[in-house]
Amino acid sequence: MRTQGEELEDIKRRQCFIFVKDSSAVFIRYIVMESSVIDPVPTDLGRALCIITGASKGFGRSLAKQIAGLLKPGSVLLLVARSGDKLRELQADLAASDAGQKGLVIRCVTADLSQKGAVEETVKAAKQTNHLDIDRLVLINNAGSLGDVSRFAVSFTDPAEINSYLAFNVSSALSLTASLMQAFPKRSGLQRCVVNVSSLAALQPFPSWVLYCTGKAARDMMFRVLAEEEPELRVLNYAPGPLDTDMHMQARTLSGDMALRASLREGQLLTCEESAAKLVKLLLNDNFTSGVHLDFYDL
């Protein structure tokens with residue numbers, strides 16, 4: 001009978017067959033090759049504080065529902081969006097879910113993140129959680145807008161219009177991220193992760209999308225710099241792909257470039273749920289290079 005030790009040794013090995021040819025025959029030699037044991041994929045995100053902006057609908061809402069089930073009891077899910085009614089509806093749904101019944105705390109902040117006070121309000125709500133009570137901090141910067149895609153770059157002559165767009169789509173993400181990193185500083189036993197919900201538009205120019213492309217490109221670079229400056233911080237730029245959302249409907253009906261509008265109408269859309277599932281898997285596996293840009297179709 002084999003001992004337990006021998007059984008464990010088998011788990012640490014893989015078996016291979018190779019063909020060896022000599023002068024008289026071709027035969028199969030059986031060999032055993034050593035290999036390390038593959039670590040199991042985590043099944044939860046631990047006891048965490050998870051903040052999701054733009055959580056009231058679309059991709060952010062799907063993320064909130066999926067992540068809620070991966071947080072251990074006593075964790076806090078902080079949802080931020082401009083639509084208070086939709087946030088409260090989501091909060092009620094999550095509170096009634098298995099995660100909510102097992103002790104997940106769901107908090108909501110109704111705020112326009114383009115305003116300085118909104119960032120401060122969000123950080124204040126996050127700080128209700130003692131940093132010693134959690135082993136993981138996850139910030140998902142999902143809030144964003146398409147902007148006016150009916151016009152071309154040479155029509156944007158008003159600095160106030162441009163600055164208003166960038167305040168919501170770029171400045172708020174940096175301000176919120178920096179404030180939360182200060183509120184929950186690096187310490188032993190705390191893993192910190194920041195996700196920027198990106199887009200192909202961060203890498204590729206699209207006619208009539210000057211605001212959107214500029215904002216997404218700026219955010220990608222912003223978080224790449226953060227990854228360089230904070231080596232212990234896990235940073236990911238995730239492009240969720242073409243999603244079946246109100247934003248995509250706006251893009252395919254209002255884009256000023258007719259060729260782009262036609263291509264958007266012909267393209268196949270993803271559900272928010274299937275793209276959110278890929279992001280959640282990335283967070284669980286946690287084997288991406290910090291600062292990298294990953295697209296749904298790369299995975």
Side-chain angles (χ1 to χ4, degrees), residues 51-64 79-87 90 108-119 121-122 139-153 155-177 194-223 237-257 260-261 264 267 269-270 272 275-276 279 293 295-296:
I51 302 118
I52 304 176
T53 68
S56 63
K57 60 182 181 179
F59 187 62
R61 188 182 186 90
S62 293
L63 271 177
L79 308 173
V80 186
R82 290 182 283 191
S83 174
D85 290 342
K86 291 181 179 179
L87 271 186
L90 176 59
C108 295
V109 175
T110 303
D112 179 353
L113 287 172
S114 65
Q115 305 301 313
K116 183 174 185 291
V119 172
E121 185 180 354
T122 302
L139 169 61
I140 301 179
N141 287 290
N142 173 64
S145 63
L146 186 61
D148 188 347
V149 293
S150 68
R151 297 152 54 197
F152 294 89
S155 72
F156 288 91
T157 57
D158 182 2
E161 179 184 9
I162 300 166
N163 291 338
S164 176
Y165 179 84
L166 295 177
F168 177 55
N169 289 276
V170 180
S171 303
S172 70
L174 177 56
S175 179
L176 179 61
T177 301
V194 177
V195 177
N196 168 43
V197 177
S198 186
S199 168
L200 178 61
L203 309 177
Q204 180 177 331
F206 292 96
S208 74
W209 286 17
V210 64
L211 292 180
Y212 188 69
C213 290
T214 299
K216 288 300 185 183
R219 277 172 58 148
D220 258 38
M221 182 55 71
M222 187 169 73
F223 287 104
N237 291 300
Y238 175 71
L243 301 177
D244 188 6
T245 60
D246 292 343
M247 182 182 287
H248 196 278
M249 180 179 292
Q250 181 184 359
R252 64 180 183 263
T253 56
L254 298 178
S255 290
D257 187 83
L260 176 57
R261 187 187 295 190
L264 292 172
L269 299 180
L270 302 167
C272 291
S275 186
L279 175 53
H293 175 108
D295 191 280
F296 175 90

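The first residue of the sequence shown is numbered 1, and numbering continues consecutively from there. None of these values were measured; they are calculated from a predicted model.
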Could you pull out all residues at least two apart from [X] that satisfy salt bridge (charged side-chain N to carboxylate O under 4.0 Å, His left out)?
X: E161; answer: R151
X: D85; answer: R88
X: D295; answer: none

Would you say that [X] contacts [Y] through its side chain, given a criterion of any heavy-atom pair below 4.5 Å between the two side chains?
X: P240; Y: L270; answer: no
X: L260; Y: L264; answer: yes
X: S83; Y: K57; answer: no
X: F223; Y: V194; answer: yes

Check side chain to side chain donor-acceptor pair (under 3.5 Å) between [X] and all other residues, then give those that pass, not counting sequence neighbours.
X: S62; value: E273
X: S150; value: D148
X: R219; value: N196
X: S275; value: Y238

(request) Output every pair passing side-chain hydrogen bond (donor to acceptor under 3.5 Å, both in side chains) with a member in residues 199-215, not counting sequence neighbours, ordered by first then second residue. (result) W209-S255
Who pairs with [X] by side chain to side chain contact (heavy atoms under 4.5 Å, CB included), at least two apart in sequence or on another chain?
X: L269; result: P242, D244, H248, R252
X: N169; result: S145, Y165
X: P207; result: F152, D257
X: A217; result: none

(message) Among V80, L87, L79, which residue satisfies the side chain to side chain contact (heavy atoms under 4.5 Å, CB included) criterion with V109?
(response)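 The side chain to side chain contact (heavy atoms under 4.5 Å, CB included) with V109 is passed solely by V80 among V80, L87, L79.
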(request) Specify the closest pair of heavy atoms between T245 and G58, including all atoms of both residues, with the distance to one decimal. (result)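 What the structure gives for the nearest pair is CG2-CA, 4.4 Å.
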